[in-house]
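To start, the structure under review is shown below, and the notes come after it.
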2 protein chains.
Amino acid sequence: MTESKRAATVRDVARLAGVSPGTVSKALNGVGQLSPDTRARVHEAAAALDFQPNHSARSLASGRTFTVGVITSDSFGRFTIPVMLGIEDSLAAGRVSTMLCDGRGDPVRENQLLERLINRQVDGVVVTGRRRDPRPSLGEVPVPVIYVLSESLDPADLSLTYDDRQGTELAAHHLLSTGRRSLAYVGGPERHLASRLRREGVERALAAQGLELDPDLALYGQWSETWGRSAATIVLRSGHSVDGIVCASDQIARGVLDGLRELDVQVPHDIAVVGFDNWEVMVEGARPLLTTVDPHLESLGREAATRLLSAIQGDEPLEGGVITRGCELIIRDSA
Amino acid sequence: MTESKRAATVRDVARLAGVSPGTVSKALNGVGQLSPDTRARVHEAAAALDFQPNHSARSLASGRTFTVGVITSDSFGRFTIPVMLGIEDSLAAGRVSTMLCDGRGDPVRENQLLERLINRQVDGVVVTGRRRDPRPSLGEVPVPVIYVLSESLDPADLSLTYDDRQGTELAAHHLLSTGRRSLAYVGGPERHLASRLRREGVERALAAQGLELDPDLALYGQWSETWGRSAATIVLRSGHSVDGIVCASDQIARGVLDGLRELDVQVPHDIAVVGFDNWEVMVEGARPLLTTVDPHLESLGREAATRLLSAIQGDEPLEGGVITRGCELIIRDSA
DNA sequence: GAAACTTACGAAACCGGTTTCCGTCTGTGT
DNA sequence: ACACAGACGGAAACCGGTTTCGTAAGTTTC
């Protein structure tokens with residue numbers, strides 16, 4: 001099918017339309033001064049020959065590649081994927097392709113990849129990673145760069161991320177507004193920023209009602225189900241009559257649910273549980289279905305791509321700073 | 001840093017080395033007849049200027065882009081990612097980049113993406129998808145194509161996939177060799193090839209011992225935990241004294257484990273359970289830790305890339321057929 | 001009816017490498 | 001001393017678009 005000897009070039013089109021190659025370029029790109037008639041003839045000829053401009057040639061001449069690089073420090077994990085989808089979705093519309101690179105969390109490797117992307121003349125770069133913790137900047141790069149999820153340490157860079165604090169605040173607020181009074185927070189490792197921010201969200205919601213989070217009930221551990229199960233026991237044995245638990249991830253929440261069930265606690269009757277991530281697999285397998293916070297990663301990816309694109313087109317650099325988007329609470333059966 | 005005005009070109013290097021641009025190209029690419037001395041001088045000059053050949057120009061002239069396209073019909077789901085990682089891993093070594101496209105399972109969109117990749121002159125294409133079921137061929141494509149996971153319906157294409165049958169055969173064999181006699185199989189939807197093949201594996205292992213799979217104990221359902229939980233009940237109520245269950249996925253297995261626990265069945269003492277996929281999240285959250293079949297998706301991706309690469313370099317087309325790789329049983333605590 | 005603009009398009013340079021072809025220089029054989 | 005092969009490296013064409021610039025024809029202006 002796509003085998004007609006050799007692809008048509010702009011000269012072939014020119015010959016068929018009876019114009020010069022330069023004119024073909026102008027007609028097809030809608031630039032220059034051309035009579036409507038000529039323009040039409042060229043388009044016709046191009047269509048007849050199924051002309052597809054050679055991408056390399058176009059890039060070479062114009063300096064633009066219609067390609068953006070995506071560097072992830074995570075190995076396309078659960079967090080990167082929705083972001084990628086959003087990016088793809090938004091870029092595909094502009095006929096821009098993405099070149100995906102996995103930095104494996106190694107800054108050296110990351111820099112090599114960046115070199116390579118620059119060398120390939122990408123029009124822009126998206127940097128993303130699993131962690132919410134700030135990451136080192138890529139430094140001076142000749143094309144626009146936007147950081148997603150993991151914000152850049154350099155305030156001159158533009159970062160786009162979601163609001164951890166607001167997320168759990170939403171969750172805790174929901175618990176409080178449905179009559180719960182004594183909340184616990186089960187986080188991941190304390191060294192992770194996300195763990196600490198999410199705790200703050202719970203504290204803020206409590207403070208708004210004149211309540212506070214008992215230090216005994218603010219637990220740090222791992223991002224795993226196993227930890228969630230242990231945490232459930234710890235909370236129950238704490239002596240406090242907890243009636244709501246905000247978890248820092250759906251995995252933890254799932255562990256908590258399992259732990260509670262084993263201890264014959266009714267969810268949500270006795271204790272309500274909220275997760276974080278809205279990770280389908282976890283949410284679906286959980287019993288009862290997990291109420292959780294959705295950080296809308298895909299739309300974050302879409303926005304990142306859109307901003308990057310306009311920076312590329314407008315040629316004005318992205319202005320630095322951190323843009324934070326809100327999360328949404330998805331209410332199901334566990335709270 | 002990478003801001004030294006304008007990137008060095010082959011002419012800059014030529015001037016510094018006191019040779020002609022053509023000679024620089026030859027020296028750097030190790031072709032042509034050049035004295036060792038000249039070669040060295042050019043390399044030195046290139047290093048001094050931190051010369052990076054312009055990718056578009058190189059592609060334009062040589063016809064090769066050092067880029068392969070990856071089209072996934074799955075939205076970078078759980079199955080595609082390990083494959084992608086393998087591909088990346090294997091290609092990065094050859095300084096080849098990957099261009100990722102998500103076909104969303106829509107053949108029309110898929111074809112547009114392919115057009116775009118061809119137009120961008122990719123050197124080769126990898127097609128992958130979540131489903132094991134065969135998929136339509138992309139048809140005539142001017143570059144090598146390899147299908148991974150979802151094999152192509154056209155026997156003239158080269159497909160690379162894993163052996164579902166052998167996977168569950170391994171699992172069932174393990175159960176039998178540890179003294180289990182009465183096995184059940186809990187599959188996904190019957191319309192999915194994977195479900196049927198995995199059942200056959202169980203049957204083969206049983207047949208090897210002169211046993212067979214009772215039709216009552218070969219269950220089809222969904223790829224979900226919920227289904228696994230139901231299936232556990234169905235198996236127990238079947239009246240057969242089952243002592244081993246082979247599940248078609250880790251999610252199902254996890255549901256089965258939960259179901260059994262609720263019915264006070266001891267795993268693996270009373271019933272042994274084996275999953276399929278070796279999906280870390282599921283395996284880790286399961287209690288007891290899940291014994292499961294690992295299809296080694298990442299190495300499948302690596303092999304696909306390697307084959308593609310050699311086809312690209314050797315210029316001989318890939319010979320058609322389906323290559324099937326074996327799975328490995330990962331023994332943990334559930335069987 | 002000439003000057004002053006416009007409009008429409010082609011010629012050619014250009015982007016930055018690769019590759020072919022050919023001339024020169026050196027060394028060898030007679 | 002002369003022919004000849006082989007090694008070396010330069011000039012220039014080439015890949016396939018884009019873009020600048022110049023000019024011929026057509027239109028307005030006075």
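Lettering follows sequence order; numbering is per chain, from 1. Computed over heavy atoms, backbone and side chain alike; hydrogens, waters and symmetry mates excluded.
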Quiz item: So, are A/E151 and A/R132 salt-bridged, with charged N and O less than 4.0 Å apart?
Solution: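 Looking at A/E151 and A/R132, the cut-off is met.
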Quiz item: Hey, are A/D157 and A/R135 close enough for a salt bridge, meaning a charged N less than 4.0 Å from a carboxylate O?
Solution: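 A/R135 and A/D157: not salt-bridged.
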Have a look at [X] and say if it touches a base, only the backbone sugar-phosphate, or nothing, with a 4.0 Å heavy-atom cut-off.
| X | value |
| --- | --- |
| B/A14 | nothing |
| A/S25 | base |
| B/A17 | nothing |

Exercise. Please tell me if the side chains of B/L149 and B/L297 come closer than 4.5 Å, counting only heavy atoms from C-beta onward.
Key: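 A side-chain contact under 4.5 Å exists here.
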Exercise. Tell me, please, which residues at least two apart from B/E298 pass side chain to side chain donor-acceptor pair (under 3.5 Å).
Key: none
Practice problem: Identify, with sequence neighbours excluded, every residue that meets side chain to side chain donor-acceptor pair (under 3.5 Å) alongside A/R11. | Solution: none
Self-check item: Counterpart residues, side chain to side chain contact (heavy atoms under 4.5 Å, CB included), relative to B/R41 (two or more places apart)
Solution: B/V19, B/D37, B/T38
Quiz item: In chain order, what residues pass the side chain to side chain contact (heavy atoms under 4.5 Å, CB included) check against A/A92, with sequence neighbours excluded?
Solution: B/R116
Quiz item: What are the bounds, 5' to 3', of the part of DNA chain D that sits under 4.0 Å from heavy atoms of chain A?
Solution: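 Terminal contacting nucleotides, 5' to 3': D/dG16 to D/dT20.
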Can you name the atoms? Protein N/O to nucleotides 8-12 of chain C N/O, anything below 3.5 Å, with the distance.
{"unit_1": "C/dC9", "atom_1": "OP1", "unit_2": "A/S35", "atom_2": "OG", "d": "3.4"}
{"unit_1": "C/dC9", "atom_1": "OP1", "unit_2": "A/T38", "atom_2": "OG1", "d": "2.3"}
{"unit_1": "C/dC9", "atom_1": "OP2", "unit_2": "A/S35", "atom_2": "N", "d": "2.6"}
{"unit_1": "C/dC9", "atom_1": "OP2", "unit_2": "A/S35", "atom_2": "OG", "d": "3.4"}
{"unit_1": "C/dC9", "atom_1": "OP2", "unit_2": "A/T38", "atom_2": "OG1", "d": "3.0"}
{"unit_1": "C/dG10", "atom_1": "OP2", "unit_2": "A/S20", "atom_2": "N", "d": "3.0"}
{"unit_1": "C/dG10", "atom_1": "OP2", "unit_2": "A/S20", "atom_2": "OG", "d": "3.2"}
{"unit_1": "C/dG10", "atom_1": "OP2", "unit_2": "A/T23", "atom_2": "OG1", "d": "2.4"}
{"unit_1": "C/dG10", "atom_1": "O6", "unit_2": "A/K26", "atom_2": "NZ", "d": "2.8"}

Quiz item: Are B/R325 and B/S299 linked by a side-chain donor-acceptor pair shorter than 3.5 Å?
Solution: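 The answer is no; no qualifying pair exists.
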